[in-house]
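Right, one structure below, let's go through it.
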Protein chains: 2
Amino acid sequence: MPELVPATPQLLRRVSAGAVLEFMRASAAVTVTDVMAATGLTRATTIAVCEDLVRRRWIVELENQREFGGYQKGRPARRFELNERAGVVLGMDIGYSKVTVVVSDLRGTTLGRSSRPFQAKDVGSGERIAFIDAVAAAALRSAGMDPGQVLAVCAGVAAPVDRHGDVVATQEFWGLFDLGLRPALKATRGWTVLLENDANLAALGDRWQGAAAGIDDVVVILASERLGSGIMEGGRLVHGTRGSAGELAYLDLVEGVGDTYGIAHLARTWAAEALAASAPTTLRAFGPGRVEAEQVFSAAAEGDAVALGILERLADRMARVVGTVATMLNPELVVIGGGVADSAGVLLAPITERLKEYTATPARVAVSPLGDSIVTVGAVRCALDYVERNSLDLELAAPTPADG
Amino acid sequence: MPELVPATPQLLRRVSAGAVLEFMRASAAVTVTDVMAATGLTRATTIAVCEDLVRRRWIVELENQREFGGYQKGRPARRFELNERAGVVLGMDIGYSKVTVVVSDLRGTTLGRSSRPFQAKDVGSGERIAFIDAVAAAALRSAGMDPGQVLAVCAGVAAPVDRHGDVVATQEFWGLFDLGLRPALKATRGWTVLLENDANLAALGDRWQGAAAGIDDVVVILASERLGSGIMEGGRLVHGTRGSAGELAYLDLVEGVGDTYGIAHLARTWAAEALAASAPTTLRAFGPGRVEAEQVFSAAAEGDAVALGILERLADRMARVVGTVATMLNPELVVIGGGVADSAGVLLAPITERLKEYTATPARVAVSPLGDSIVTVGAVRCALDYVERNSLDLELAAPTPADG
DNA sequence: GAAGTAAATTTAGACTCAATATAAATATAG
DNA sequence: CTATATTTATATTGAGTCTAAATTTACTTC
């Protein structure tokens, strides 16, 4: 799809303004001279563009010019800064049984959040939209923000989403996630909602604030209950034609794996098996009900043989998973993420060790520090990306009286 | 890497010229009115741009205006056309034991070619460059073209190549392909040489003129002697961080596969095994030496039970290969290509059938019609892409006296 | 208050494209 | 053969953008 807009002189100003805004987003308060150096524009043009952007409220001019940077000779420079308060974005994690909404400013700083459990049996019901809307309203309230300030929303769902943001119902189950959320929130709130697969958002999130910071070729494996992955290649998400790229169902055919259960699930299952087989283990103290994954990890840390055996098996399994993915896609880094990542750090060394058996040039492996919030962090990043791409076309809400 | 060039008025002309040229490339002889409709520019601008491009020899103005398009009212329109003779590109396939060079005009029409066997033992020797240069010279001669007319060269090698065109010597063997071809041909010929992995070029080639025409998400599996694949996602090649994306070594771990031998290799091997086991088969007629893959395929076509059994095994194996790749990457189409593709058509139905067992939503499978030339076709496409991206910066050779 | 310095502003010039008006070339009707 | 309609080509004007150079402004330091 080539751009159909003909080249007009106004296009130049757009390009210039985009370059200036991009630089401002990556910097704190800057002078016109700074912008000139970064963009290559002349002073006259830079000033014109900045005043344009101030008028459109994407940046603000600071008053107390000399307070920055200590003594300086010559006429004091005007200073400009990104207007973080131009609006907010929402990042949503829409899980089977829980909805989380995070409010973020344009720099990515979290201003508020809200999280509420949801009855899994009502996953596909119409009430779901109202529920999500209510969680969003609560999150905005906790941030002291108005629904009118929302510039973009990104929601992560556990279903395939193609690159146009449509849920692809390849199986009936996925259809439950095609909630009609986008038209509904557009109509009632005026919000632009982007949908994305949760593992893909995990990849976006971890590349932004996690272990993969700044790495262009990375695979993030969500590994808690079920295995799923998000693939970034050359700094872009890989979606596939119907949004299911990163699906790991092929593991059914991989020796030593055979299914797509995640680390937390298997740790529980194998712990239960050990108890049933009357193996001597300190895990028994947590029984006779369900033994949680974290309990297995801490028992292993205490030297429990059964727990250590489970970790061994998990590490070998994950090495096979990482090995197959990394061979096919050649990422610079493979990240293991999700709620279980908080305790899965001890798996890192054995996974790395075993990986050598399965690949000729092993990829680097890391565990994400983002834990459970990896999806919402990615959703915020996705929404911010949208705003940054489209900022010159977006309408900002009128300033509230307090803003002056 | 943001563009560091500041927005200047000249940039506008560049954008306009790029849009006009892009349209011209996709069309035959066009009038200014056609260009206006396609680009949205005004008549005055369009004419100025066209005359610019004529002056720079990227397009030509036709003389016999009225001969096109039959009767038309009004003042006859000037007609412009892409100057196919502005230059040529070379597409090279640098194999272990053979070098092939194709000469193509800017529309992609093959003007000449040359192919010569090479002693495999000298693969890494310095003479290799001279050999390749000689094959290129022969190809140019057969096309009646001058080395000075070459605008770009793309060479496919059987080694990982990263997205910057550097051979990554992850194993010693690959290092043999880092011939220093690029600096050498730049110095002696002034040619810009792009290096690319052969399977990646196969993907480019098949998407251009093969079974995947126009499909943005496709995996092409080169399947003759060894299995390797090229991945396109969203219309771009997936390289990975060190160029080895598409590597299929993970198949060692896949049940029912276990290695990365290709169809031709396995057909030969299994045929030999059957002969050694004294199985009753018409294949014996081709022995006692080596039985070729094509002979197995034709024996199967005649109803030979042993040959049919081999096809059965091949189909199941390829279904597992396709299934794992397609699950992970979700392409719209998986193409089987390479020399063996000419006879592998009969495998298509059984592969498609068995694929249902291995994936929930099976990808479409096809066999490439490009056969052995799939790599050179892709190399030509790769070189043309380069020329099209950079045409406004490239210097064209001075017109020969005959050109006027 | 004068000197020094860096930022801001002004001015001139070049280039782009759009819009409008005018001219040229052809077909068709009478 | 002439008048008219149709289509394309060219010229003119005006607005918007940028650069570059000269000029003015604002502040610090001595």
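- The CD-P distance, from A:Gln10 to C:dA18, rounds to 9 Å in whole Å.
- The shortest distance between the side-chain N/O atoms of A:Thr42 and the OP1/OP2 oxygens of D:dT19 is below 4.0 Å.
- Minimum atom distance to the side chain of B:Thr33 is reached by D:dT8, of the listed C:dA19, D:dC18, D:dT8.
- For B:Arg56 (side chain) and B:Leu392 (main-chain N/O), a donor-acceptor pair under 3.5 Å exists by modelled atom type.
- The interatomic distance linking A:Arg75 (CZ) with D:dT29 (P) rounds to 17 Å, in whole Å.
- For the pair B:Arg13 and A:Ile47, both in contact range of DNA chain C, the more 5′-proximal nearest nucleotide belongs to A:Ile47.
- Summarising the geometry, the separation between CG on A:Leu12 and P on C:dA14 is reported as 18 Å, rounded to the nearest angstrom.
- The phosphate of C:dT9 (OP1 or OP2) has no side-chain N or O of A:Arg43 nearer than 4.0 angstrom.
- Spacing between atom CG of A:Asp52 and atom C1' of D:dC18 amounts to 14 Å, rounded to whole angstrom units.
- Dashed line: the shortest gap from a side-chain N or O of A:Arg78 to OP1 or OP2 of C:dT9 is under 4.0 Å.
- Using a cut-off of 4.0 Å between Lys/Arg side-chain N and Asp/Glu carboxylate O, A:Arg107 and A:Glu81 are scored as not salt-bridged.
- Taking only side-chain nitrogens and oxygens, B:Thr8 never comes nearer than 4.0 Å to OP1 or OP2 of D:dT17.
- C:dC17 atom C1' lies 18 Å from atom CZ of B:Arg14, rounded to whole Å.
- Rounded to an integer number of Å, the gap from CG of A:Leu41 to P of C:dA7 is 16 Å.
- Looking only at distances, no side-chain donor or acceptor of A:Thr109 sits under 3.5 Å from a matching main-chain atom of A:Asp105.
- Per the geometry, CZ belonging to A:Arg79 stands 12 Å off C1' belonging to C:dA7, to the nearest Å.
- For B:Glu61 and D:dT8, the CD to C1' distance is 12 Å, given to the nearest whole Å.
- The backbone N or O of A:His239 sits less than 3.5 Å from a side-chain atom of B:Glu233, completing a donor-acceptor pair.
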